[in-house]
Amino acid sequence: MKISLWNSRTGRKETFTPLQPERVRMYVCGPTVYDRAHIGNARPVVVFDLLFSLLRHQYGQQQVVYVRNITDIDDKINARALELNNSLGASLLDTIRSITDETIDWFHEDMAALGVLPPTHEPRATDYVREMVDMIGELLARRHAYVREGHVLFDTRSYPEYGSLARRSPRDMRAGARVEVAPYKTSELDFVLWKPSDDTLPGWESPWGRGRPGWHIECSAMSSRLLGTSFDIHGGGSDLLFPHHENEAAQSACAHPEAEFARLWMHNGMIRVNGQKMSKSLENFLTVRQLLEQGIAGETIRLVLLGTHYRQQLDWTDRRVEEARSILGEWRHITAGIDESDRNCHREVLEQLADDLNTPGAISVLHRLAADGSAAELKASAVFMGLLGDDLSDQLRKSVMEVMRLRDQARNQRNFDLSDRIRNQLGDVGIIVRDSKAGSRYHFQPVGARDAQMIAIDTTLGELTRMAKVGMQH
RNA sequence: GGCGAGUUGGCGGAAUGGUUACGCAACGGAUUGCAAAUCCGUCCUACACCGGUUCGAAUCCGGUACUCGCCUCCA
């Protein structure tokens with residue numbers, strides 16, 4: 001199967017061919033860990049998770065190396081640590097470590113709820129400072145960087161290709177720049193590779209004094225260490241194209257002139273909320289955790305994210321969430337009790353995904369499988385896309401069957417008051433019961449965070465069993 | 001100001017020259033202990049606007065309007 005992907009560097013859809021036939025290498029910019037992940041952070045994670053699955057399907061489970069970094073050196077993290085430290089009195093680095101450790105745990109929890117698989121490597125910037133220092137040294141030696149007032153800056157004028165990734169010329173960019181230019185920069189486009197840290201900030205020793213790396217060098221150092229100086233795909237949000245990715249590409253090209261760095265660049269579109277840009281001031285910043293706590297299932301969030309092509313801007317609305325929930329409910333109903341383990345993802349679904357990750361197209365194939373009653377194929381394909389994965393444990397399933405049996409008795413006795421209460425309460429915790437002449441059936445539908453739902457189901461089943469037994473005696 | 005993306009039925013959203021995609025919602029009817037589902041029907045021949053190419057255009061070309069993103073260490 002041919003895989004085509006849109007390359008933002010060339011502005012064209014290209015047939016994907018890995019540099020090494022048996023080893024596909026992908027790097028995606030991961031989160032800066034200072035707060036809960038919002039749906040904008042989640043989008044690239046979900047999109048490239050799906051691409052990861054597709055590539056592994058095509059090239060082999062062990063043949064794809066996927067690196068998604070964690071930025072744990074950042075001034076926002078420092079600011080939060082300083083704030084906390086004033087009340088705790090702990091050492092700054094310890095505080096930073098505990099903040100970032102906790103935030104990383106949150107991130108993993110939230111992404112797992114969205115059905116995201118772990119990447120092959122998840123490097124933390126703090127573990128690669130040595131590599132960054134080496135790379136900065138290399139750039140200085142090759143005269144692509146200069147030292148000024150304790151800072152090391154990349155000299156954009158030393159690299160004529162600067163701007164080629166984002167396809168814009170340095171001259172045009174100056175016209176409307178809103179940036180206040182630091183006085184030590186030779187050119188306003190130059191950017192920091194290393195900056196000095198005072199005693200209130202985390203720092204590492206370097207030939208240029210105690211300091212910390214700039215953001216862009218983090219990704220360059222981690223990717224070249226884990227993937228090599230040339231690799232296949234580099235992904236991230238479209239807002240990173242300039243300056244972050246442009247700078248990464250420039251640094252890497254100048255430090256390793258023999259290599260080509262990333263061959264294919266992919267950028268996902270931004271998320272808006274009810275037609276507005278997400279921002280703290282508008283109070284429309286939606287975190288994955290908030291949505292889960294509102295009872296929106298992870299797979300519902302995932303389906304909303306995949307319902308729009310990844311390059312397109314996506315407007316997050318309650319209506320779309322409701323639509324996704326409704327679709328998943330139907331698919332859950334169709335696939336209840338179906339064992340799909342001997343099936344693979346449907347060929348046409350794969351073909352849609354292979355066409356620059358056409359997820360809306362793939363979803364429409366899923367709809368057709370649902371309409372045709374191909375339950376096992378629907379489930380296998382949905383699972384491939386990270387949907388319909390979670391199910392009840394065998395133990396809970398048994399308890400549900402017992403309650404369903406008691407409810408049948410109640411219905412046979414025309415005790416509709418009792419049977420309706422059971423149906424409603426089960427429905428509240430995500431066990432959806434439908435009655436027909438052929439008998440009653442149920443299906444499981446995830447609601448919010450899985451752990452909380454499982455506890456709620458367990459409790460409700462216990463209550464209903466007691467209630468049914470008592471109710472039946474009268 | 002520069003660069004880029006986009007504008008498809010009530011909503012979401014595919015489809016790069018030639019069959020009413022598809023989904024969700026809403027409304028009416030059938031069915032049902034009730035709910036949901038199901039079935040039939042309706043909104044539904046939709047593609048921002050103007051012009052061109054073509055036997056034929058949502059799709060190609062030219063222009064216009066509008067929306068959005070980036071040019072700030074934002075996913």
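Basis for what follows: all heavy atoms, side chains included, without hydrogens, waters or symmetry-related copies. Quick note on labels: first sequence line is chain A, next is B, and so on, each numbered from 1.
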What contact category does [X] fall into here, base, sugar-phosphate, or nothing, at under 4.0 angstrom with non-hydrogen atoms?
X: Arg423(A); value: base
X: Gly214(A); value: nothing
X: Thr308(A); value: sugar-phosphate
X: His244(A); value: nothing
X: Phe416(A); value: base
X: Val365(A); value: nothing
X: Ile327(A); value: sugar-phosphate
X: Ile271(A); value: base
X: Gln312(A); value: sugar-phosphate
X: Gly11(A); value: nothing

Looking at the side chain of [X], which of [options] is the nearest nucleotide?
X: Glu330(A); options: C34(B), G12(B), A37(B); value: A37(B)
X: Glu323(A); options: C11(B), C34(B), C22(B); value: C11(B)
X: Arg319(A); options: G13(B), A25(B), A15(B); value: A25(B)
X: Arg272(A); options: C34(B), C68(B), A75(B); value: C68(B)
X: Asp435(A); options: C71(B), A35(B), G6(B); value: A35(B)
X: Arg167(A); options: A14(B), G4(B), U38(B); value: G4(B)
X: Arg434(A); options: G69(B), A37(B), A75(B); value: A37(B)
X: Phe242(A); options: A75(B), C71(B), G13(B); value: C71(B)
X: Arg168(A); options: C70(B), G33(B), G23(B); value: C70(B)
X: Arg407(A); options: A75(B), A21(B), G33(B); value: G33(B)

Atom [atom1], compared across [N] and [M]: separation rounded to whole Å:
N: A25(B); M: C34(B); atom1: C1'; value: 24 Å
N: U42(B); M: G9(B); atom1: C1'; value: 14 Å
N: C49(B); M: U7(B); atom1: C1'; value: 11 Å
N: G12(B); M: C71(B); atom1: C1'; value: 31 Å
N: A15(B); M: A21(B); atom1: C1'; value: 7 Å

On the side chain of [X], is there an atom forming a donor-acceptor pair with the base of [N] - under 3.5 Å, no angle test?
X: Gln313(A); N: G69(B); answer: no
X: Asp315(A); N: G12(B); answer: no
X: Arg43(A); N: A75(B); answer: no

State whether a side-chain donor-acceptor pair under 3.5 Å links Asn69(A) with Tyr27(A). yes
Is the terminal nitrogen or CZ of Arg168(A) (NZ for Lys, CZ for Arg) located under 6.0 angstrom from the six-membered ring centre of Phe242(A) and within 45° of that ring's axis? yes
Starting at the 5' end of RNA chain B and moving along, which residue's nearest nucleotide shows up first, Leu241(A) or Asn41(A)? Leu241(A)
Upstream residue (5' side of RNA chain B) when Arg414(A) and Gly237(A) are each assigned their closest nucleotide: Arg414(A)
Rounded to whole angstrom units, what separation is found between the [atom1] atom of [X] and the [atom2] atom of [N]?
X: Gln445(A); N: A37(B); atom1: CD; atom2: P; result: 12 Å
X: Asp75(A); N: C74(B); atom1: CG; atom2: C1'; result: 14 Å
X: Arg12(A); N: A5(B); atom1: CZ; atom2: C1'; result: 17 Å
X: Ile334(A); N: A37(B); atom1: CD1; atom2: P; result: 12 Å
X: Met270(A); N: U67(B); atom1: CE; atom2: P; result: 21 Å
X: Arg311(A); N: A75(B); atom1: CZ; atom2: P; result: 22 Å
X: His267(A); N: A5(B); atom1: NE2; atom2: P; result: 14 Å
X: Leu189(A); N: C70(B); atom1: CG; atom2: P; result: 18 Å

Lys/Arg N to Asp/Glu carboxylate O, [X] vs [Y], below 4.0 Å:
X: Glu322(A); Y: Arg319(A); answer: no
X: Arg148(A); Y: Asp190(A); answer: no
X: Glu299(A); Y: Arg332(A); answer: yes
X: Arg212(A); Y: Asp75(A); answer: yes

Using Watson-Crick or G-U wobble geometry with both distances below 3.5 Å, tell me the partner of [N], or none.
N: C70(B); result: G2(B)
N: C44(B); result: none
N: U53(B); result: none
N: C22(B); result: G12(B)
N: C39(B); result: G29(B)
N: A65(B); result: U7(B)

Could you work out, with ring pair (Phe, Tyr, Trp, His ring centres under 6.0 Å) as the rule, every residue matching His151(A), not counting sequence neighbours? Tyr184(A)
Looking only at heavy atoms, the pair that brings Leu193(A) and Gln251(A) closest together is CD2-NE2, 3.3 Å
Can you find a side chain N or O atom of Asn358(A) that sits less than 4.0 Å from OP1 or OP2 on A15(B)? yes
Among Phe285(A), Trp316(A), Trp106(A), Phe107(A), the one residue meeting ring-ring contact (aromatic ring centres under 6.0 Å, His included) with His38(A): Phe285(A)
